[in-house]
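Here's the structure we're looking at; comments come further down.
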Protein chains: 2
Amino acid sequence: MSLKHAILGFLNYKSMTGYQLKQRFDKSVRYFWNASLSQIYPTLSQLKEDGLLTLEVKYQDSSPNAKIYHITDKGREELRNWLIEPLEPQPHRSAFLIKIFFGANIDQNLIISQLNQRLELAESNLAKYQQIRNEITENHSLKNSFTLFESLTVDYGIKSMEAVIAWYRESIEKIESLKRKEM
Amino acid sequence: MSLKHAILGFLNYKSMTGYQLKQRFDKSVRYFWNASLSQIYPTLSQLKEDGLLTLEVKYQDSSPNAKIYHITDKGREELRNWLIEPLEPQPHRSAFLIKIFFGANIDQNLIISQLNQRLELAESNLAKYQQIRNEITENHSLKNSFTLFESLTVDYGIKSMEAVIAWYRESIEKIESLKRKEM
DNA sequence: CGCTACATGTAATGAGTTACATGATTTT
DNA sequence: AAAATCATGTAACTCATTACATGTAGCG
């Protein structure tokens with residue numbers, strides 16, 4: 001499970017609560033790994049039981065007690081081993097491509113409009129990624145290895161968005177051109 | 001669930017058994033939707049219970065009885081509705097990008113070698129997709145809408161492989177160049 | 001007075017993988 | 001003799017989502 005290792009990765013930089021972890025996820029890796037609080041909390045308990053984390057309870061008047069998790073040596077080793085060992089490539093599932101595959105069954109205009117919707121979404125995502133990219137480049141030099149690796153993940157987003165945008169455009173054109181021939 | 005609709009999509013073309021469905025999946029959509037027999041069989045039962053399929057049992061001497069499933073009118077309607085209605089964009093998870101994100105924690109050569117592994121894999125996938133693409137173009141004219149939509153899914157594979165290949169190459173170079181600066 | 005932020009969880013359900021279980025026929 | 005093909009499934013487990021449940025403090 002990668003959630004475990006992502007949590008270990010963040011806690012390796014800084015001890016924090018589940019709530020804060022969620023915020024870290026949302027601020028950095030959300031575009032390729034989303035995690036909900038209802039998944040983070042049980043995972044933290046489990047990591048603690050496995051001896052990869054320790055728990056420090058901070059009693060607070062103002063808000064509920066905060067559970068601050070710290071990574072242990074065993075946790076750091078687990079993280080390191082996971083990072084070192086090559087990962088089996090995961091097959092990726094795309095329900096959208098299933099729809100395209102069976103696209104001949106419905107009116108082509110309905111497919112085109114769905115492609116257009118996705119195209120707009122991809123364009124707005126691309127703009128977001130480019131903005132994040134600019135912020136990284138402005139604030140840090142890429143000589144810092146932490147920054148370099150973070151920027152690589154953003155570059156991945158940019159490159160893949162550019163590729164799908166081109167695909168959406170070409171696909172729409174091809175379907176339009178088929179329509180013309182069928183008339 | 002898209003598996004249901006993919007099954008309906010195939011059965012809409014031709015009635016068949018779960019085993020044959022698996023073969024169809026493997027021959028066409030495997031690159032963006034894999035399905036195992038242990039998932040196909042219960043899903044077929046469920047689709048039958050929901051009245052989207054009917055079952056015809058073919059008794060055979062040579063091999064176990066074959067259960068041939070046929071799509072019903074209700075099934076065709078369900079397929080059509082699913083194809084027509086826009087799909088919520090699914091967030092994609094990449095454990096590999098999590099590794100890259102935390103890449104600063106380990107020796108950079110270990111990251112580079114993992115990137116190289118993936119690069120080789122992506123190149124061989126690209127070659128496969130291009131071959132499939134050539135076969136489609138040779139055997140059918142793209143004026144046929146069934147063929148067009150199938151070819152679009154292959155084009156998606158080609159375009160996204162080309163994009164990640166470029167990303168792998170650039171990432172490796174950037175890490176190499178960081179190494180040089182750090183020496 | 002309601003919304004957001006802080007802070008924690010549980011329970012039910014869905015979707016998918018892996019392991020287990022059976023058995024005949026055909027090809028290597 | 002072993003492996004692949006045809007043909008069916010069940011059970012256990014993992015991972016993730018959605019709904020449910022609780023409560024304070026501060027801001028507009």
For this session: Return the 5'-most residue of the pair A:M1, B:Y69 with respect to DNA chain D, ranking by each residue's nearest nucleotide.
Result: B:Y69
For this session: Compute the bend angle of the helix from C:dC1-D:dG28 to C:dT28-D:dA1 from the end axes (five pairs per end), rounded to 10°.
Result: 40°
Problem set entry | Which residues share a ring pair (Phe, Tyr, Trp, His ring centres under 6.0 Å) with B:Y13, sequence neighbours left out | A:F102, B:F146
Exercise. Using a heavy-atom distance cut-off of less than 4.0 Å, which residues of residues 82-101 of chain A contact DNA chain D?
Worked result: none
Exercise. Is the NZ or CZ atom of B:R118 positioned over B:F96's six-membered ring, under 6.0 angstrom from the centre and within 45° of the axis?
Worked result: yes
Exercise. Members other than B:Y19 in its cluster, when Ile, Leu, Val, Met, Phe, Trp, Tyr link by side-chain heavy atoms under 4.5 Å?
Worked result: B:L37, B:Y41
Problem set entry | Distance, rounded to the nearest Å, where B:L44 contributes CG and D:dA7 contributes C1' | 13 Å
For this session: Go through A:R169 and A:E123 one step at a time and tell me if the salt bridge (charged side-chain N to carboxylate O under 4.0 Å, His left out) criterion holds.
Result: CA-CA 11 Å; A:R169 294 219 174 98; A:E123 278 169 341; 2.4 Å; yes
Exercise. Taking only side-chain nitrogens and oxygens of A:K58, does any of them come within less than 4.0 Å of OP1 or OP2 of C:dA7?
Worked result: no
For this session: Could you tell me the separation between the CG atom of B:L21 and the P atom of D:dT5, rounded to a whole number of Å?
Result: 18 Å
Exercise. Separation of A:H5 atom NE2 from D:dC15 atom P, in whole Å?
Worked result: 10 Å
Exercise. Are any of the side-chain nitrogens in A:D155 or B:K174 under 4.0 Å away from the carboxylate oxygens of its partner?
Worked result: yes
Exercise. Does B:D107 reach the main-chain N or O of B:N109 with its side chain, forming a donor-acceptor pair under 3.5 Å?
Worked result: yes
Exercise. The side chain of A:Q23 lies closest to which of these nucleotides: D:dA7, C:dC6, C:dA15?
Worked result: C:dC6
Problem set entry | CA sep, side-chain torsions, deciding dist, call: A:S15, A:Y69, side-chain contact (heavy atoms from CB on, under 4.5 Å) | CA-CA 6 Å; A:S15 297; A:Y69 288 94; over 6 Å; no
For this session: Determine yes or no for a side-chain-to-main-chain donor-acceptor pair under 3.5 angstrom, with A:W82 supplying the side chain and B:K99 the backbone.
Result: no
Problem set entry | Non-neighbouring partners of B:R76 that pass salt bridge (Lys or Arg N to Asp or Glu O under 4.0 Å), sequence neighbours left out | B:D73
Problem set entry | Protein-nucleotide distance (B:N65, atom CG; C:dA24, atom C1'), rounded to Å | 12 Å
Exercise. Strictly under 6.0 Å, is that where the ring centroids of B:F101 and A:F149 end up?
Worked result: no
Problem set entry | A:Y59 OH to D:dT24 P, straight-line distance once rounded to whole Å | 18 Å
Problem set entry | Interatomic distance where OH belongs to A:Y19 and P belongs to C:dA5 [whole Å] | 7 Å
Problem set entry | Contacting residues from residues 24-42 of chain B, given that a heavy atom lies under 4.0 angstrom of DNA chain D | B:L37, B:S38, B:Y41
Exercise. How long is the line joining NZ of A:K67 and P of C:dC6, in whole Å?
Worked result: 19 Å
Exercise. Taking NZ from B:K22 and P from D:dG9, how many angstroms apart are they, rounded to a whole number?
Worked result: 16 Å
Problem set entry | Polar side-chain atom of B:T17 near backbone of B:K67 as donor-acceptor pair, under 3.5 Å | no
